Colleague: 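Before I ask anything, let me first share the structure, which is written out below as structure tokens.
All values derive from a computational prediction rather than experimental measurement. Per chain, numbering begins at 1; letters A, B, ... match sequence-line order.
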Amino acid sequence: MTERKILVTAALPYANGPIHIGHLVEYIQTDIWVRFQKLRGNRCIYICADDTHGTAIMIRARQEGRSEAALIAEMQAKHESAFANFEIEFDHYGSTNSEENRTLCAEFWSAIRAAGLVKEKEIEQLFDPQEGIFLADRFVRGTCPNPKCSAPDQAGDNCTVCGWTYSPADLIKPVSTLSGASPEVRKATHLFIELEKLHEFLDTWIQSGEHLQPEVANYLQGHFLHKPLRDWDISRPAPYFGFEIPDSPGNYWYVWFDAPIGYMASTQQWCDRHQEDFDSWWRNQETEIHHFIGKDITYFHTLFWPGMLKSAGFNLPTKVHIHGFLTVGGEKMSKSKGTFIMADTYARHLNASYLRYYFASKLGSRLDDLDLNLDEFVAKVNSDLIGKVINLASRSAKFVKQVGLSNTYPNDQGLFEHAAKIGDEIANAYEHCDYSRAMRLIMELADRANPFVESAAPWNLRKNPEKAQELQDVCTIALNLFRQLAIYLAPVLPDLAKKTGELLSSPIQDWDESKQPLTGTPVRKFKHMLQRVEPKDIDKMMEESSEQTAPTSSDDVQDSSDWLDAEPLAEQCTIDDFVKVDLRVARVLTAEDVPDANKLLKLTLGLGGNEQRTVFAGIKSAYKPADLVGKKVVMVANLAPRKMKFGISEGMILAAGPGGQEVFMLGVDDGASPGQRIH
RNA sequence: GGGCCGGUAGCUCAGUUGGUUAGAGCAGGGGACUCAUAAUCCCUUUGUCGGGGGUUCGAGUCCCUCCCGGCCUACCA
């Protein structure tokens, strides 16, 4: 086989938050692929970096009273240690905030300029006079401009109540979520890349060959490429944490411009350290470039990024591998349910190998979401890894500790040869990121090996000294079959491969070692290679995950400031203002689904006696109608009725939370009765 | 509303270009073994392959239609 030259990247984690198990799907998936390529003898490097620029980092650094540099340095150290805990081994882990990146950005920029793709446009944007910065859509909230809706407290780009989309400048009574000040409209000149000029190229690139999974190519075609591509707003005015654009003082490259270039800057750093030629990686048709990303950033990696690379004359991605999100127990990860598991939390309680194997057994080449089902997790790891695979070594190694492996490989009725042949199929599955198929094939081999040991019964052979040779032969076969599996699993379980190498005095270094039996080597004393998963450890991990957000004792409560940051306190009001709002205890009398509505439930609320209100509440995704009936809730009883698509709503229910499944209604303690006013 | 993916045994899934009585693992039941991390081995139960129509000598596999679930979108990057 000729050696391939492969550069692999995983998406750059943003320096604003810690790594959680959702992130790990990608880094583990990528790590497996890279380890596989290396094991096959290919030249392969795994490049990543922290993504450090943008408004969010700037604002957080301000709030924490320190420099951006200090913040991102701390985050990067945390990220790298989290990855190390999961045996994710990068060849280089850099940062987008590096001189190498600045230089490369400038190189891209002049190429894109030279290609005539840049144009200036004046746009109107909201500006926070108190903080002195322009506000991205998500930092503005206000009343929905749809006259039929007028829902308060909506985000800057769309209304969650009526679904209107608009520009933040259209909001009525907009408020900056940073300072609470009312923003003013200011004009600013932004730089845009005219992506439409690359339309034909992108069309061809996306449709031709194997650059993308077919469903992704299809999606891009249907969503973007059937019409002219919009200009891409690539600059942000100062102040902005990032790189200033050399020929446009006061303007900075938008974080999504410099982030993917970070792949290359990180490669550059690696090259400098290893005396490698950068151009042989990024300007070399022989080199393959593989990006692994989540489906949320498809757009940037499949349209802008190839466009940028094309314009600047670099290698285009050979393939962009896109994966889905992680769910836990079939649902989106949720802090309140304890299923939002941080990488560090997992690592404190469970072994990384479990998760690597579990993910591998579930990952296919498509972008479906992947579910972490904890019962399945325990069953898979314990029965597949411990029960089937490791058991092979565990039950045979001790019999040959004195004598080692036989000098010639005995007749095993074709077991080894069969497994060697299947190896090609397994390799093919790895190559195509179809890890679940690879794991299935490997377990089928394990299922053939154990019956062999069973029928050969080494534990009987050892009782008869005359059968010493037969005993050694049987164990030589069992251990070789085991070693084959360890080689096939090596990309997923590097630790198992290492321990297998130690046990048999022969390190696993190449995939093709699975084709040739190992003979005549000493066998070390067998030590457990992996403990079984204990369900109680999972319970502890879940507990710890819940505790982080829902502490039970008030002594050491440390609530996050995220919510206040996202939505600062409103302007002061007087008691007179407050009494205008008539809050009442109400009982849910009926609750029914509104079939055509995405978010609404229709409730009848009783205020005692015959006083009732019909209220449409946006809690459909968080509550079932049946669970609501009889419940006491808090409502705004004197709210002006509003006509909605499905009827008139005569009030609103008080609830907190960001929306979606995370909506939490206010309850009242026992003793309060419907109709009572809340003072 | 549009797009994509999926609906096969209690659970997780495999079923290659349509071809014989539809499979595996796990779970369940029975037995064996006791070398092994209560691991292993043998035997064993279970399916209107989402519903309905069609093409065909023959359909889980192709076509149409409907139902259900997930994801993405809703003139927005």
Colleague: Check each residue of residues 452-464 of chain A for a non-hydrogen atom within less than 4.0 Å of any atom in RNA chain B, then write out the ones that pass by number, or none.
Modeller: E454(A), W459(A), R462(A)
Colleague: Please work out whether the ring planes of H321(A) and F292(A) are parallel, tilted or perpendicular, with thresholds of 30° and 60°.
Modeller: parallel
Colleague: Could you tell me whether E215(A) and K295(A) have a side-chain N and a carboxylate O separated by less than 4.0 Å?
Modeller: no
Colleague: If the C1' atom of C11(B) is compared with that of G28(B), how far apart are they to the nearest Å?
Modeller: 12 Å
Colleague: Do the side chains of E444(A) and R440(A) get close enough for a salt bridge, i.e. N-O under 4.0 angstrom?
Modeller: no
Colleague: Out of curiosity, L530(A) CG to Y354(A) OH, how far, rounded to the nearest 0.5 Å?
Modeller: 5.0 Å
Colleague: Dot-bracket notation for RNA chain B is requested: 5' to 3', Watson-Crick or G-U wobble pairs only, both distances under 3.5 Å, with ( ), [ ], | and . as defined.
Modeller: (((((((..((((.....[...)))).(((((.......))))).....(((((..]....))))))))))))....
Colleague: Using a strict cut-off of less than 4.0 Å between a Lys/Arg side-chain nitrogen and an Asp/Glu carboxylate oxygen, indicate whether K197(A) and E194(A) qualify as a salt bridge.
Modeller: yes
Colleague: Among C35(B), U37(B), C26(B), find the nucleotide with the atom closest to the side chain of A379(A).
Modeller: C26(B)
Colleague: What nucleotide, of U12(B), C35(B), C26(B), holds the atom closest to the side chain of F399(A)?
Modeller: C35(B)
Colleague: Rounded to the nearest angstrom, tell me the gap between atom CG in L385(A) and atom C1' in G25(B).
Modeller: 13 Å
Colleague: Using atom C1' in both nucleotides, what's the gap between U8(B) and C68(B) to the nearest angstrom?
Modeller: 15 Å
Colleague: Please determine if K540(A) and D537(A) form a salt bridge, counting it only when a charged side-chain N lies under 4.0 Å from a carboxylate O.
Modeller: yes
Colleague: Is the phosphate of A39(B) approached by R532(A) (side-chain N or O, under 4.0 Å from OP1 or OP2)?
Modeller: yes
Colleague: Is it the case that the side chains of D473(A) and Q469(A) hold a donor-acceptor pair, with the cut-off being a distance below 3.5 Å and no angle test?
Modeller: yes
Colleague: For C71(B) and C13(B), measure between their P atoms and round to the nearest Å.
Modeller: 15 Å
Colleague: So which nucleotide from C75(B), U73(B), C41(B) ends up closest to the side chain of P451(A)?
Modeller: C41(B)
Colleague: Could you measure between the two P atoms, the one in G15(B) and the one in G6(B), and give it in whole Å?
Modeller: 11 Å
Colleague: With a sphere of 6.0 Å drawn around NZ of K121(A), does it hold more than 12 non-hydrogen atoms of other residues, nucleotides or ligands?
Modeller: yes
Colleague: Within less than 4.0 Å of OP1 or OP2 of A39(B), is there a side-chain N or O belonging to K388(A)?
Modeller: no
Colleague: Output the single nucleotide from C41(B), U37(B), U73(B) whose closest atom is nearest the side chain of H223(A).
Modeller: U73(B)
Colleague: Look at K119(A) together with D231(A) and state whether they make a salt bridge at an N to O cut-off of under 4.0 Å.
Modeller: yes
Colleague: With distance as the sole criterion, is a donor-acceptor pair present between the side chains of E376(A) and Y358(A) under 3.5 Å?
Modeller: yes
Colleague: CG of L489(A) to CG of D495(A): how many Å apart, nearest 0.5 Å?
Modeller: 12.5 Å
Colleague: Measuring to OP1 and OP2 of G6(B), would you say a side-chain N or O of R366(A) lies under 4.0 angstrom away?
Modeller: yes
Colleague: Of the nucleotides C4(B), A39(B), U37(B), which one has an atom closest to the side chain of I386(A)?
Modeller: U37(B)
Colleague: Taking for each residue the nucleotide of RNA chain B bearing the nearest heavy atom, is the 5' side occupied by D384(A) or by I390(A)?
Modeller: D384(A)
Colleague: Of the options U37(B), C5(B), C35(B), whose atoms approach the side-chain atoms of H528(A) most closely?
Modeller: U37(B)
Colleague: Can you tell me how far P in U37(B) sits from the matching atom in G19(B), rounded to whole Å?
Modeller: 46 Å
Colleague: What is the separation between atom CG on N218(A) and atom C1' on C72(B), rounded to the nearest whole Å?
Modeller: 12 Å
Colleague: Between G10(B) and U46(B), how far apart are the two C1' atoms, rounded to whole Å?
Modeller: 9 Å
Colleague: Which whole number of Å gives the distance between the P atom of U44(B) and that of G23(B)?
Modeller: 13 Å
Colleague: What integer number of Å spans the C1' atoms of G69(B) and G51(B)?
Modeller: 15 Å
Colleague: Measure from the side-chain heavy atoms of R440(A) and tell me the nearest of C4(B), A14(B), A39(B).
Modeller: A14(B)
